[in-house]
Amino acid sequence: MGSGYLWVKAFHIVFVASWFAGLFYLPRLFVNLAMVAPDSAAERARLLLMARKLYRFAGILAVPAVLLGLVLWLYYGVGLGAGNGWMHAKLLLVLGVLAYHHVCGRLLRRFEQNANHRGDRWFRVFNESSVLLFTAIVVLVVVKPF
(Lines give C-alpha, C1' and ligand atoms only; values in the text may rest on other atoms or scores of the structure.)
Protein backbone atom coordinates (compact mmCIF):
# COMPACT_ATOMS: atom_id res chain seq x y z
CA MET A 1 0.00 0.00 0.00
CA GLY A 2 2.97 2.31 0.20
CA SER A 3 4.54 4.56 2.76
CA GLY A 4 1.60 7.01 2.76
CA TYR A 5 -0.58 4.28 4.20
CA LEU A 6 1.96 3.55 6.93
CA TRP A 7 2.17 7.25 7.90
CA VAL A 8 -1.61 7.54 8.09
CA LYS A 9 -1.81 4.32 10.11
CA ALA A 10 0.95 5.44 12.50
CA PHE A 11 -0.65 8.80 13.18
CA HIS A 12 -4.08 7.21 13.51
CA ILE A 13 -2.68 4.97 16.26
CA VAL A 14 -0.97 7.92 17.99
CA PHE A 15 -4.13 10.04 18.00
CA VAL A 16 -6.36 7.16 19.09
CA ALA A 17 -4.01 6.30 21.98
CA SER A 18 -3.82 9.97 22.98
CA TRP A 19 -7.59 10.39 22.81
CA PHE A 20 -8.07 7.32 24.98
CA ALA A 21 -5.51 8.59 27.49
CA GLY A 22 -7.86 11.51 28.05
CA LEU A 23 -10.88 9.20 28.27
CA PHE A 24 -9.04 7.02 30.78
CA TYR A 25 -8.19 9.93 33.09
CA LEU A 26 -11.24 12.19 32.80
CA PRO A 27 -13.60 9.83 34.68
CA ARG A 28 -10.89 9.48 37.34
CA LEU A 29 -11.21 13.23 37.85
CA PHE A 30 -14.96 12.66 38.19
CA VAL A 31 -14.25 10.12 40.96
CA ASN A 32 -12.20 12.77 42.76
CA LEU A 33 -14.88 15.43 42.19
CA ALA A 34 -17.54 13.12 43.61
CA MET A 35 -15.40 12.71 46.74
CA VAL A 36 -14.70 16.42 47.35
CA ALA A 37 -15.99 17.66 50.68
CA PRO A 38 -18.67 20.37 50.37
CA ASP A 39 -16.42 22.91 52.11
CA SER A 40 -13.46 22.35 49.73
CA ALA A 41 -14.25 24.99 47.12
CA ALA A 42 -10.62 25.41 46.04
CA GLU A 43 -10.12 21.68 45.48
CA ARG A 44 -13.38 21.44 43.56
CA ALA A 45 -12.45 24.43 41.38
CA ARG A 46 -9.01 22.95 40.65
CA LEU A 47 -10.46 19.56 39.69
CA LEU A 48 -13.11 21.20 37.50
CA LEU A 49 -10.46 23.23 35.71
CA MET A 50 -8.41 20.08 35.09
CA ALA A 51 -11.50 18.20 33.87
CA ARG A 52 -12.53 21.01 31.49
CA LYS A 53 -9.06 21.22 29.98
CA LEU A 54 -8.77 17.45 29.63
CA TYR A 55 -12.23 17.15 28.06
CA ARG A 56 -11.38 19.80 25.46
CA PHE A 57 -7.96 18.32 24.77
CA ALA A 58 -9.39 14.82 24.35
CA GLY A 59 -12.01 16.26 21.99
CA ILE A 60 -9.32 17.88 19.88
CA LEU A 61 -7.43 14.56 19.72
CA ALA A 62 -10.59 12.69 18.70
CA VAL A 63 -10.92 14.68 15.46
CA PRO A 64 -7.71 13.53 13.73
CA ALA A 65 -8.15 10.03 15.20
CA VAL A 66 -11.55 9.69 13.52
CA LEU A 67 -10.52 11.46 10.30
CA LEU A 68 -7.40 9.31 9.86
CA GLY A 69 -9.48 6.21 10.57
CA LEU A 70 -11.88 7.25 7.83
CA VAL A 71 -8.93 7.73 5.45
CA LEU A 72 -7.70 4.22 6.25
CA TRP A 73 -11.15 2.78 5.72
CA LEU A 74 -12.44 4.73 2.73
CA TYR A 75 -9.24 5.68 0.87
CA TYR A 76 -6.97 2.73 1.61
CA GLY A 77 -9.80 0.19 1.84
CA VAL A 78 -8.90 -1.21 5.26
CA GLY A 79 -11.77 -3.40 6.37
CA LEU A 80 -13.64 -3.27 3.07
CA GLY A 81 -14.74 -6.39 1.23
CA ALA A 82 -15.88 -9.84 2.25
CA GLY A 83 -14.76 -11.36 5.53
CA ASN A 84 -14.37 -8.06 7.31
CA GLY A 85 -17.12 -8.31 9.89
CA TRP A 86 -14.57 -7.17 12.46
CA MET A 87 -14.65 -3.71 10.84
CA HIS A 88 -18.41 -3.43 11.30
CA ALA A 89 -18.00 -4.34 14.96
CA LYS A 90 -15.11 -1.88 15.31
CA LEU A 91 -17.13 0.95 13.76
CA LEU A 92 -19.97 0.21 16.17
CA LEU A 93 -17.53 0.39 19.07
CA VAL A 94 -16.06 3.65 17.74
CA LEU A 95 -19.58 5.08 17.82
CA GLY A 96 -19.70 3.83 21.40
CA VAL A 97 -16.46 5.69 22.17
CA LEU A 98 -17.87 8.88 20.65
CA ALA A 99 -21.00 8.43 22.78
CA TYR A 100 -18.84 7.79 25.87
CA HIS A 101 -16.94 11.01 25.17
CA HIS A 102 -20.24 12.88 24.82
CA VAL A 103 -21.49 11.42 28.11
CA CYS A 104 -18.27 12.60 29.77
CA GLY A 105 -19.14 16.11 28.61
CA ARG A 106 -22.62 15.85 30.08
CA LEU A 107 -21.23 14.57 33.37
CA LEU A 108 -18.74 17.42 33.45
CA ARG A 109 -21.54 19.95 32.93
CA ARG A 110 -23.42 18.39 35.86
CA PHE A 111 -20.39 18.87 38.08
CA GLU A 112 -20.05 22.46 36.86
CA GLN A 113 -23.70 23.10 37.74
CA ASN A 114 -23.31 21.36 41.11
CA ALA A 115 -25.97 18.89 39.96
CA ASN A 116 -24.10 15.59 40.20
CA HIS A 117 -26.07 12.90 42.03
CA ARG A 118 -23.73 9.97 41.47
CA GLY A 119 -21.20 8.65 43.94
CA ASP A 120 -17.54 7.91 43.46
CA ARG A 121 -18.23 4.15 43.13
CA TRP A 122 -20.42 4.74 40.06
CA PHE A 123 -17.67 6.83 38.48
CA ARG A 124 -15.11 4.11 39.23
CA VAL A 125 -17.21 1.62 37.24
CA PHE A 126 -17.87 4.18 34.51
CA ASN A 127 -14.11 4.75 34.28
CA GLU A 128 -13.56 1.10 33.36
CA SER A 129 -15.90 1.35 30.36
CA SER A 130 -13.27 3.18 28.34
CA VAL A 131 -10.73 0.44 29.06
CA LEU A 132 -13.20 -2.22 27.88
CA LEU A 133 -13.96 -0.27 24.70
CA PHE A 134 -10.26 0.23 23.96
CA THR A 135 -9.49 -3.44 24.58
CA ALA A 136 -12.32 -4.63 22.36
CA ILE A 137 -11.29 -2.33 19.52
CA VAL A 138 -7.63 -3.40 19.69
CA VAL A 139 -8.59 -7.08 19.72
CA LEU A 140 -10.88 -6.60 16.72
CA VAL A 141 -8.20 -4.77 14.73
CA VAL A 142 -5.33 -7.11 15.58
CA VAL A 143 -7.06 -10.51 15.75
CA LYS A 144 -9.81 -9.84 13.16
CA PRO A 145 -11.91 -12.68 14.62
CA PHE A 146 -14.63 -12.53 11.97
Side-chain angles (χ1 to χ4, degrees), residues 1-36 43-146:
M1 282 195 207
S3 67
Y5 163 76
L6 295 176
W7 282 102
V8 171
K9 184 177 178 180
F11 280 105
H12 174 62
I13 292 168
V14 167
F15 281 109
V16 167
S18 300
W19 177 25
F20 266 96
L23 294 180
F24 292 156
Y25 193 66
L26 183 59
R28 182 62 204 170
L29 290 173
F30 295 159
V31 170
N32 294 337
L33 277 163
M35 295 173 58
V36 170
E43 181 182 6
R44 184 178 184 285
R46 182 178 49 83
L47 289 169
L48 277 174
L49 178 65
M50 291 170 61
R52 277 187 214 105
K53 287 182 176 188
L54 186 56
Y55 179 73
R56 282 188 212 117
F57 189 62
I60 290 167
L61 293 167
V63 172
V66 170
L67 291 176
L68 291 168
L70 288 170
V71 169
L72 289 169
W73 182 40
L74 300 173
Y75 182 77
Y76 288 104
V78 174
L80 294 176
N84 288 310
W86 64 271
M87 180 57 94
H88 299 290
K90 178 197 171 196
L91 292 172
L92 184 64
L93 290 175
V94 169
L95 290 176
V97 175
L98 290 167
Y100 183 86
H101 191 128
H102 176 73
V103 168
C104 283
R106 289 180 54 206
L107 293 169
L108 176 58
R109 280 188 292 286
R110 286 188 188 153
F111 277 112
E112 291 172 332
Q113 297 165 353
N114 233 358
N116 173 55
H117 301 293
R118 300 186 189 277
D120 62 291
R121 290 184 134 190
W122 187 89
F123 287 106
R124 290 175 198 277
V125 173
F126 179 74
N127 187 35
E128 300 308 317
S129 302
S130 60
V131 175
L132 295 174
L133 285 165
F134 183 73
T135 302
I137 289 170
V138 169
V139 167
L140 285 169
V141 170
V142 173
V143 178
K144 296 177 178 58
F146 45 89

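Please read these numbers as outputs of a predicted model, since none were measured by experiment. Residue numbers count from 1 along this sequence.
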- Message: Suppose we screen for side-chain contact (heavy atoms from CB on, under 4.5 Å). Which residues come up paired with A21, at least two apart in sequence or across chains?
- Response: none

- With R124 via salt bridge (charged side-chain N to carboxylate O under 4.0 Å, His left out) - residues at least two apart: D120

Side-chain donor-acceptor pairs of residues 66-86 under 3.5 Å, sequence neighbours excluded:
unit_1: Y76; atom_1: OH; unit_2: Y5; atom_2: N; d: 3.3
unit_1: N84; atom_1: OD1; unit_2: W86; atom_2: NE1; d: 3.0
unit_1: N84; atom_1: ND2; unit_2: L80; atom_2: O; d: 2.6
unit_1: N84; atom_1: ND2; unit_2: G81; atom_2: O; d: 3.4

- Value for NE2 (H102) from CG (L107), rounded to nearest 0.5 Å, stands at 10.0 Å

- Could you tell me the separation between the OH atom of Y25 and the OG atom of S130, rounded to the nearest 0.5 Å? 13.5 Å

- Query: Should the ring pair F15 and F11 be called parallel, tilted or perpendicular, given that the plane angle runs from 0 to 90° and is split at 30 and 60?
  - Reply: tilted

- Message: For R44 versus N114, what's the shortest heavy-atom pair and its separation?
- Response: NH2-OD1, 3.0 Å

In a table with atom names and distances, give each donor-acceptor pair under 3.5 Å that connects a side chain of residues 47-64 to protein atoms at least two apart or in another chain.
unit_1: R52; atom_1: NE; unit_2: E112; atom_2: OE2; d: 2.6

- In chain order, what residues pass the side-chain contact (heavy atoms from CB on, under 4.5 Å) check against V97, with sequence neighbours excluded? W19, F20, L23, L133, I137

- Message: Testing the basics here: between N116 and R118, what is the closest heavy-atom pair and its distance to 0.1 Å?
- Response: ND2-O, 2.9 Å

- Contact check, side chains of H88 and L92, non-hydrogen atoms, under 4.5 Å: no

- Are any side-chain N or O atoms of R109 and backbone N or O atoms of G105, one a donor and one an acceptor, separated by less than 3.5 Å? yes

- Query: If you measure from CZ on F123 to CG on L33, what distance do you get to the nearest 0.5 Å?
  - Reply: 8.5 Å

- Kindly give the heavy-atom pair with the smallest separation between P27 and C104, and that separation in Å. CG-SG, 4.3 Å

- Message: Are the side chains of H101 and L26 in contact, using a 4.5 Å heavy-atom criterion?
- Response: no

- Taking everything shown except F146 itself, do over 12 heavy atoms lie less than 6.0 Å from its CZ? yes

- Looking at residues at least two apart in the chain, or sitting in another chain, which of them share a side-chain contact (heavy atoms from CB on, under 4.5 Å) with V131? F24, E128, T135

